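The block underneath contains the structure these notes are about, expressed in structure tokens.
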Amino acid sequence: MPIKRMMYLLIAVNVVALLCMLFAAPAVLTSHEQVGKLHEDRYHSYLLADELRQHSDDLTHMVRSYVSTRDLRFKQYFNEILAITDGKAPRPIDYNRPYWDYVAANSDKPRADGSEISLVELMHQARFPKEEMELLEFSKHQSDDLVNTEIKAMNALEGMFMDESGYYTIKGDPDPDLARQLLFSPGYYAAKVKIVRPIDKLTEKMETRFDNLIEAGEKRIYMLETLLAVCLLLVFASVTVTIWMVFSRVITPIKGIVDVVVRVGKGELGSKCDYTGNNELGTLSSEVNAMTDSLKDLAGNMQVSSGQLSESASNMAIATKEQEATTAEQAVSTQEIVVSSQEISQTAQVLLDNMGEVANSVDIAASMAQQGNDDLQRMENVLNGMVSASKVISQKLAALNEKTSNISMVVTTINKVSDQTNLLSVNAAIEADKAGEAGIGFSTVASEIRRLADQTAVATWDIEQLVKEIQTAVSSGVMSMEKFHEDIDKGVDEMQQVSGKFGEIVEQVRILGPHFEAVHEGMESQNIGASQISEGISQLGETVTNLLESIRFSNQAIDEVNSEAKNLQSTCSRFSLES
Amino acid sequence: MQYLSFKLGDDFYVIPTADIVTVLPQLRLTEIPQAADYITGLFRYRGVVHLVIDLSLLTRGEASKRLASTRIVLVNCTLLDGKEVVLGLLLESAFNTLMLADDGWQDNPLKATPGQVVTSIHRDGDEPYQRVTPEQLLTANVLEILHANQ
């Protein structure tokens with residue numbers, strides 16, 4: 001059962017028990033009060049009943065004292081007692097306590113007077129039940145009868161006697177004996193008993209009534225107190241169960257989970273909660289496990305990432321250092337550019353000055369180009385003449401080449417013949433030698449033939465050489481002529497192109513004038529532009545210096561990142577991923 | 001005594017005309033497959049087939065120049081067993097005969113060295129003619145071929 005539902009149940013039990021107690025506790029107090037009131041009422045009722053008896057006794061005391069002493073003071077007291085009881089004289093305070101004994105002793109009232117109220121009225125105020133009230137009234141009535149007897153006794157002492165209508169109109173001699181007889185007769189005592197008996201009966205009834213009421217009240221108190229005790233017991237039991245449950249089902253598992261969390265906090269990400277309950281802590285346990293797993297993954301990723309971060313930071317540091325160096329170079333370059341742009345500005349000014357001179361020169365060039373064009377026309381004519389002449393020469397050379405080829409053929413033939421002759425003479429010499437003496441003459445002839453053949457060979461060789469030289473010369477002449485011819489053709493072509501170009505140049509130069517004006521204006525604006533560039537580049541130089549500064553800052557920042565990355569790496573390495 | 005002069009490279013050599021059968025211009029030669037490179041080929045002369053050896057290629061490792069003066073000289077060779085064979089030699093500049101005194105010859109100082117083809121050198125001529133005996137020109141290999149041919 002989930003802890004929450006259990007807690008709700010226990011709280012509900014507590015609330016019910018406490019509500020019961022809340023109801024029972026005032027009820028107990030009220031009942032106690034009621035019982036107390038009952039005791040008080042009983043006490044008052046006693047007092048009232050007793051007062052009636054006391055009233056009768058006091059009257060008896062006073063009348064007997066008067067009859068015995070004939071002291072009128074007692075008669076007066078007698079009447080006062082009657083007046084007080086009937087509510088015709090003020091009732092002394094705490095009248096139930098001893099009073100008339102003090103008064104009879106020294107005539108002084110021991111206590112002050114209260115308000116005028118009769119005994120019957122007091123009895124009504126005490127709310128006696130009707131039955132008891134009747135008994136009291138009966139007693140009062142009996143007491144009044146006795147009072148009549150006592151008045152009769154006192155009048156007898158004074159010599160006054162009752163007539164037939166019941167009034168004391170008859171005068172006679174005082175009769176103390178009669179008075180004493182009246183007061184001490186058995187009838188007197190019997191009358192006294194008549195007064196006391198109802199009071200006794202009343203007392204008994206009252207006793208029973210109050211006993212019943214008090215018993216009922218106490219029973220009620222007992223019941224309520226039992227209820228209170230049961231509720232208290234219930235609360236105690238519920239609290240005990242709550243404490244037990246908190247210890248066994250909350251604190252112990254939480255301690256386990258806290259242990260795991262502390263271990264995870266120390267970096268042991270392999271820790272696991274082994275609590276598995278079907279309640280909130282079970283859920284918490286599995287969630288902590290899931291969280292630890294996530295942390296584990298995260299830490300793993302962080303370890304990898306921090307390594308990469310560290311590496312990246314190192315690379316970044318290198319890169320920014322390179323960038324710093326580059327920017328420093330750039331700053332130098334920018335400075336150089338500033339100088340260069342200033343030079344450009346100056347040069348542009350010089351150029352501007354030169355432009356005017358150039359314009360003049362262009363005019364001169366135009367006239368010279370025109371002249372050159374004319375000269376070219378003449379040269380072209382000359383070249384055309386040369387072309388026709390060279391064609392004639394070429395033809396002549398071709399004829400010469402043909403002739404020398406013929407000569408060459410003849411020479412070759414002669415050569416072959418002389419070779420054959422030589423071969424023949426050699427064989428002849430060999431044969432002649434073999435012939436011995438007979439062949440000597442033949443041998444000489446053979447030698448001569450060979451000598452002739454050799455001379456022929458030498459001569460033909462010379463001719464051959466000459467012919468070859470002529471042929472070579474003619475060939476090179478032909479080639480030269482062709483080359484010359486081509487060159488001239490090319491020259492003529494080029495001449496024509498040049499002539500055309502010259503025409504264009506002349507035309508261009510003519511239209512160059514206005515362009516030069518435009519260029520002049522352009523140069524001026526360029527000059528202004530160059531100045532602006534110069535200024536701009538100066539500003540750029542400042543910017544680059546600032547950039548250099550910021551790169552140094554970023555360099556520091558990257559150093560810090562680097563150290564942070566290393567810290568992170570060492571922090572990450574704190575996490576152990578092993579289970 | 002009469003000699004036919006020829007050239008190997010830039011130097012002059014002589015063969016006695018007595019040993020020569022005849023001098024012929026360059027002819028078309030039939031090549032012998034798988035023969036040594038200095039054997040230029042075969043040709044038929046007067047009903048007999050003759051081997052032709054390029055002496056320049058044989059002795060100097062360099063083929064003769066094919067000029068008009070380069071000719072085939074048929075020589076008589078006496079083999080070790082006394083047999084006579086006719087051999088064609090391809091010789092450069094074989095276009096002159098000359099007379100040299102017999103007592104003008106001196107022995108080649110290196111004559112005793114194996115493989116020497118020059119037996120003696122003439123002291124009187126325009127050039128220091130070196131006398132070559134055809135048999136000595138031929139290596140054992142060629143001789144074997146010749147033997148086999150007989």
Side-chain angles (χ1 to χ4, degrees), chain A residues 404-472 475, chain B residues 1-7 12-28 43 45-46 50 52 64-78 84 86-102 122 125-127 129 131-132 134:
Chain A
T404 48
S405 293
N406 291 341
I407 294 168
S408 188
M409 278 171 66
V410 173
V411 167
T412 305
T413 309
I414 294 167
N415 230 348
K416 276 181 182 170
V417 170
S418 65
D419 185 52
Q420 287 292 321
T421 313
N422 173 271
L423 188 62
L424 194 64
S425 71
V426 167
N427 279 320
I430 289 167
E431 291 304 323
D433 188 51
K434 283 179 184 168
E437 286 297 318
I440 287 172
F442 186 66
S443 178
T444 310
V445 173
S447 293
E448 282 305 309
I449 291 166
R450 194 164 62 247
R451 205 167 49 79
L452 269 172
D454 287 352
Q455 282 170 358
T456 311
V458 169
T460 53
W461 193 77
D462 287 347
I463 291 163
E464 209 177 331
Q465 291 303 312
L466 277 171
V467 168
K468 272 180 184 160
E469 280 171 15
I470 289 164
Q471 273 178 329
T472 310
S475 294
Chain B
M1 199 171 162
Q2 187 175 260
Y3 298 88
L4 176 73
S5 73
F6 64 95
K7 277 174 104 176
F12 284 93
Y13 294 80
V14 292
I15 298 175
T17 53
D19 294 341
I20 294 172
V21 179
T22 185
V23 180
L24 299 166
Q26 285 180 54
L27 304 164
R28 204 194 93 72
F43 80 104
Y45 178 70
R46 290 178 187 164
H50 300 283
V52 178
S64 302
K65 297 187 195 80
R66 296 304 170 101
L67 302 171
S69 58
T70 302
R71 290 168 175 164
I72 295 168
V73 179
L74 286 180
V75 291
N76 285 313
C77 284
T78 310
E84 297 236 331
V86 177
L87 190 63
L89 298 176
L90 194 66
L91 300 175
E92 279 183 19
S93 304
F95 57 80
N96 198 18
T97 56
L98 69 164
M99 301 298 288
L100 291 172
D102 287 347
H122 204 275
D126 302 332
E127 299 281 341
Y129 293 112
R131 180 172 169 172
V132 176

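Everything numeric here is computed off the predicted structure, so don't read it as measured data. Below, read A as the first sequence line, B as the second, and so on, with proteins coming before strands; counting in each chain starts at 1.
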query: Do B/Leu4 and A/Val426 have side-chain heavy atoms sitting under 4.5 Å apart?
result: yes
message: Heavy-atom count check: over 12 atoms from other residues, nucleotides or ligands less than 6.0 Å from A/Met409 CE?
response: no
- line: Output for pair (A/Asp454 CG, B/Asn96 CG), nearest 0.5 Å, gives 6.5 Å
- prompt: How far does CG of A/Asp433 sit from OH of B/Tyr3, to the nearest 0.5 angstrom?
  reply: 10.0 Å
task: Decide yes or no for B/Thr17 and A/Glu431: does some side-chain heavy atom of the first lie under 4.5 Å from some side-chain heavy atom of the second?
output: no
task: State, to 0.1 Å, how close A/Ala429 and B/Gln2 come at their nearest heavy-atom pair, and which atoms those are.
output: O-NE2, 3.0 Å
- prompt: Side chain, backbone, both or neither: which part of A/Ser443 has a heavy atom under 4.5 Å from chain B?
  reply: side chain
message: If I take atom CZ from residue B/Phe95 and atom OG from residue A/Ser418, how far apart are they, to the nearest 0.5 angstrom?
response: 11.0 Å
- prompt: Do B/Val23 and A/Leu423 have side chains that get closer than 4.5 Å, going by heavy atoms?
  reply: yes
- line: Between A/Asp419 and B/Ala68, the two heavy atoms sitting closest are OD1-O, 3.8 Å
message: For B/Phe43, I'd like to know if atom CZ has over 12 heavy atoms of other residues, nucleotides or ligands within 6.0 Å.
response: yes
- prompt: Considering all heavy atoms of both residues, which atom of A/Lys434 and which atom of B/Ala18 are nearest to each other, and what is their separation?
  reply: CE-O, 4.2 Å
